[in-house]
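Right, one structure below, let's go through it.
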Protein chains: 2
Amino acid sequence: MTQTSVPDVVIRRLTTYLQTLKHMAQRGEHVASSTEIGRWAGVSPAQVRKDLSHFGEFGRQGLGYEIGFLCTQIERILKIDQDWRLILVGAGALGHALMNYGAFVTGRFQIVAVFDSDPAKVNTRVGQREILPMERLAEIIAERHVEIAILAVPATAAQHVADQLVACGVRSILSYAPITLNTPRDVHVRYIDPVASLQTMTYYL
Amino acid sequence: MTQTSVPDVVIRRLTTYLQTLKHMAQRGEHVASSTEIGRWAGVSPAQVRKDLSHFGEFGRQGLGYEIGFLCTQIERILKIDQDWRLILVGAGALGHALMNYGAFVTGRFQIVAVFDSDPAKVNTRVGQREILPMERLAEIIAERHVEIAILAVPATAAQHVADQLVACGVRSILSYAPITLNTPRDVHVRYIDPVASLQTMTYYL
DNA sequence: CAGACATTGTGATATTCAGCACAATCATTC
DNA sequence: GAATGATTGTGCTGAATATCACAATGTCTG
Ligand SMILES: NC(=O)c1ccc[n+]([C@@H]2O[C@H](COP(=O)([O-])OP(=O)(O)OC[C@H]3O[C@@H](n4cnc5c(N)ncnc54)[C@H](O)[C@@H]3O)[C@@H](O)[C@H]2O)c1
Ligand SMILES: NC(=O)c1ccc[n+]([C@@H]2O[C@H](COP(=O)([O-])OP(=O)(O)OC[C@H]3O[C@@H](n4cnc5c(N)ncnc54)[C@H](O)[C@@H]3O)[C@@H](O)[C@H]2O)c1
């Protein structure tokens, strides 16, 4: 029940439940049991129920969970029932893909500014937005109340940029650079690295 | 010691240790203690030692781990001391970024073919490679002994393509589609989804 | 509206994973 | 070459996480 004692794995599973529920909703279903949710999310029914019970009682005995209601609740728990403004640092190949990614154009996570250190790229456009110089980082972060940044710069520059972001008040970083960042405790960092993912898969082959 | 009983979290941490070690090697260091490795990888020294002890004794008391040697050993454990041939399905924005990603061009994970169902894209080029039609999937996978695939198609097509891949004998899938795939037990799937990562971070804000 | 049925929420239990502490071991110094 | 200092490898312990099992509670049908 206590907010702080919920393990991180539970939080991560909530996102997959949400995915599953949205998918079911699109298929026209209105109610889902923990068994169904579990099957599609790849976890046991008991796990689903226990995870949800950390935050309250959302289901009905004998019936299951009302999909729309549960979606709303999970979104509230994860605080994604509101818009979040992001910035992107690094307008390379990956940065371009991200800027054109539907979820960041129309969804609740909106990239409000793109930064790059390369003078040749600054003032050119990517998607809808103009690439800004790093000098304007602090200004935009403060002005737009940005708390989350996506890092898509080379590994060699990642730590340096991360330090700048932290200094500007960014509290969450999603990094694509294949390097573990050194940040203060209260700054949350997640990593996305396809090579690392592949390396863990070959072990099982 | 037993190969099968090693938890998946340990395997995933091995990749971060390897990253850290490579980084240290580049800085000209030759020996690393569990404390140093742990500091940069963000885990406790005891954790580092225990993880490594699952596979053998790689260190020297009083000194630490010889970096080059440990790299070699971890690479052997993860089976990344050999080249792996990958295929990529989906030559969209993300597919293009991946094809031009250095790690997939020069590293041990090599994308040997790209597929797309869009006739307008087939026979055009992305990076060095020609985009192939889905009809040639089975042929190439068998011919090149491909066991790993990267999935970069829209969510709506992901399950269908995954089924095709499994039918062709692919045993590991790295999926960028925001959907949990339904696959046989012996097929390993990892997911990369920036939105899911962001959703878990807002909880802590 | 009563009885059959299905499913939740959760205390208890089992299992997995992380941290601790120290003997064993090796390099280095004097 | 003995004494010192540092670090590993690991049994033990405790914490975190998953599973089980069932009472509680609702739905649905005839
Ligand atoms: N391309 C991919 O598909 C892919 C996939 C996974 C991970 N990554 C990783 O993502 C990162 C970016 O990849 P990419 O392919 O887009 O590289 P890229 O070289 O195409 O783009 C990097 C961009 O960062 C900018 N940059 C460099 N130093 C900077 C600094 N100090 N401040 C601000 N901007 C700076 C560069 O000007 C460039 O525009 C890399 O760390 C890479 O390892 C890439
Ligand atoms: N663009 C990004 O930065 C980004 C980031 C994370 C995740 N994703 C996810 O990755 C996937 C691809 O994203 P994208 O931006 O490249 O999309 P995209 O629309 O640019 O590309 C998708 C490609 O898949 C092809 N395709 C569609 N159905 C197919 C089928 N049945 N068989 C083979 N090919 C098929 C299309 O022809 C197209 O070329 C999506 O699931 C998206 O949600 C994208």
In whole angstrom, give the distance that lies between atom [atom1] of [X] and atom [atom2] of [N].
| X | N | atom1 | atom2 | result |
| --- | --- | --- | --- | --- |
| B:Gln47 | D:dG14 | CD | P | 18 Å |
| A:Asp51 | D:dT19 | CG | P | 10 Å |
| B:Arg49 | C:dA21 | CZ | P | 12 Å |
| B:Glu36 | D:dA6 | CD | P | 14 Å |
| A:Glu66 | C:dT8 | CD | P | 14 Å |
| A:Asp8 | C:dC17 | CG | P | 16 Å |
| A:Tyr17 | C:dT8 | OH | P | 12 Å |
| A:Leu52 | C:dT7 | CG | C1' | 13 Å |

Starting the side chain at C-beta, find the nucleotide from [options] nearest to [X].
| X | options | value |
| --- | --- | --- |
| A:Ser53 | C:dG9, C:dA27, C:dA18 | C:dG9 |
| B:Lys50 | C:dC17, D:dC12, D:dG26 | D:dC12 |
| B:Pro7 | C:dC17, D:dT8, D:dT19 | C:dC17 |
| A:Ser33 | C:dA18, C:dT8, D:dA18 | C:dT8 |
| B:Gln61 | C:dC26, C:dG19, D:dA18 | C:dC26 |
| B:Glu57 | C:dG9, C:dT25, D:dG9 | D:dG9 |

On a heavy-atom basis, which atom in B:Leu21 and which in B:Cys71 lie closest, and how many Å separate them? CB-SG, 3.6 Å

At under 4.0 Å between heavy atoms, what does B:Ser34 touch on the DNA or RNA strands: base, sugar-phosphate, or nothing? sugar-phosphate

Going by heavy atoms in the side chains, are A:Ile192 and A:Leu174 under 4.5 Å from each other? yes

Answer yes or no: is there a side-chain heavy-atom contact under 4.5 Å between A:Ile77 and A:Phe58? yes

Is there a donor-acceptor contact under 3.5 Å from the side chain of A:Gln159 to the main chain of A:Asn182? yes

Has A:Arg60 got a side-chain N or O lying under 4.0 Å from the OP1 or OP2 atom of D:dC28? no

When you measure from the side-chain N and O atoms of B:Tyr65 to the phosphate of D:dG9, is any distance below 4.0 Å, counting only OP1 and OP2? yes

Does a side-chain N-to-carboxylate-O contact under 4.0 Å join A:Asp8 and A:Arg190? yes

